[in-house]
Amino acid sequence: MKIGELARKTGVSIRSLRYYERQKLIAPMRSDNGYREYSLLAVEQVKAIRLYMNLGFTTEQIAGFLHCVLQNKEAFCRDIVPVYESKITELDEQIQLLAMIKSNLEERVRSIFEERRMAEERAKGAMTHDHHHDDGR
DNA sequence: TTTCTTACA
DNA sequence: TGTAAGTA
């Protein structure tokens, strides 16, 4: 099938399909006219690629274990485990970073309300205490 | 009409 | 990733 058909069957844009090829995730043949010719396997291949990209893996990482995954259904791919583990630690780091950003924002909100309270206190105090301001003379 | 490559208001 | 350009 040609790229247009594969795009329809997978829901992936033609642009992305060509990009995957550049990233060595798929290797379609070329017909005489230079058009990419995909086998029927391409459909599941692209779906697998989408799956791993959605899990946050880079195209480079995917290129590494894709073959094994497509044939052995992931269970017997030995070199895929370390990739998963590194991804997990990476996620832990991101979680920590996000936690810091979150607490930072929370702190900002607290200080805003704090300042507001102080300002309101000052305004209330000014009204109760009959302050006579001299005009200078 | 579809696909190809290259390049970017 | 989309899209325009100029082909084959």
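Note on naming: letters A, B, ... go to the chains in the order of the sequence lines (proteins, then strands), and numbering restarts at 1 for each one.
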For [X] and [N], give me the distance from atom [atom1] to atom [atom2], rounded to whole Å.
{"X": "E21(A)", "N": "dT5(B)", "atom1": "CD", "atom2": "C1'", "result": "12 Å"}
{"X": "K2(A)", "N": "dA8(C)", "atom1": "NZ", "atom2": "P", "result": "19 Å"}
{"X": "I3(A)", "N": "dT1(B)", "atom1": "CD1", "atom2": "C1'", "result": "15 Å"}
{"X": "N33(A)", "N": "dT1(B)", "atom1": "CG", "atom2": "P", "result": "19 Å"}
{"X": "I14(A)", "N": "dT1(B)", "atom1": "CD1", "atom2": "P", "result": "15 Å"}
{"X": "M1(A)", "N": "dT2(B)", "atom1": "CE", "atom2": "C1'", "result": "16 Å"}
{"X": "R8(A)", "N": "dT2(B)", "atom1": "CZ", "atom2": "P", "result": "10 Å"}
{"X": "Y19(A)", "N": "dG2(C)", "atom1": "OH", "atom2": "P", "result": "12 Å"}

Any side-chain donor near an acceptor of the partner, R15(A) and Y20(A), under 3.5 Å: no
For the residue pair S13(A) and S16(A), confirm or rule out a side-chain donor-acceptor distance under 3.5 Å.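 Yes, side-chain donor-acceptor contact under 3.5 Å.
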Should the pair K9(A)-E5(A) be classified as a salt bridge under the 4.0 Å nitrogen-to-oxygen rule?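 Counted as a salt bridge, because a side-chain N and a carboxylate O are separated by less than 4.0 Å.
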DNA chain B: 5'-proximal contact among G34(A) and R15(A) (nearest heavy atom): G34(A)
Would you say [atom1] of [X] has more than 12 non-hydrogen atoms from neighbouring residues, nucleotides or ligands within 6.0 angstrom?
{"X": "K87(A)", "atom1": "NZ", "value": "yes"}
{"X": "Q96(A)", "atom1": "CD", "value": "no"}
{"X": "R110(A)", "atom1": "CZ", "value": "yes"}

Give one of base, sugar-phosphate or nothing for R18(A), where a contact means two heavy atoms less than 4.0 Å apart. base
When all nucleic acid strands are considered with a 4.0 Å heavy-atom cut-off, which category describes R30(A): base, sugar-phosphate, or nothing? sugar-phosphate
OP1 or OP2 of dT5(B) versus the side-chain N and O atoms of R36(A): is any pair under 4.0 Å? yes
Each base of DNA chain B marked ( ) or [ ] if paired in-strand (Watson-Crick or G-U under 3.5 Å), | if paired to another strand and . if unpaired gives .|.|||||.
Checking only heavy atoms, does the side chain of Y35(A) share a donor-acceptor pair with the base of dT2(B) at less than 3.5 Å?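 Indeed, a donor on one side and an acceptor on the other fall under 3.5 Å apart.
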Tell me which nucleotide among dT5(B), dG2(C), dT3(B) gets nearest to the side chain of S13(A).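 Output: dG2(C).
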Closest approach of S31(A) to E37(A) (non-hydrogen atoms, all atoms of both residues):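 Minimum heavy-atom separation between S31(A) and E37(A): OG-OE1, 4.1 Å.
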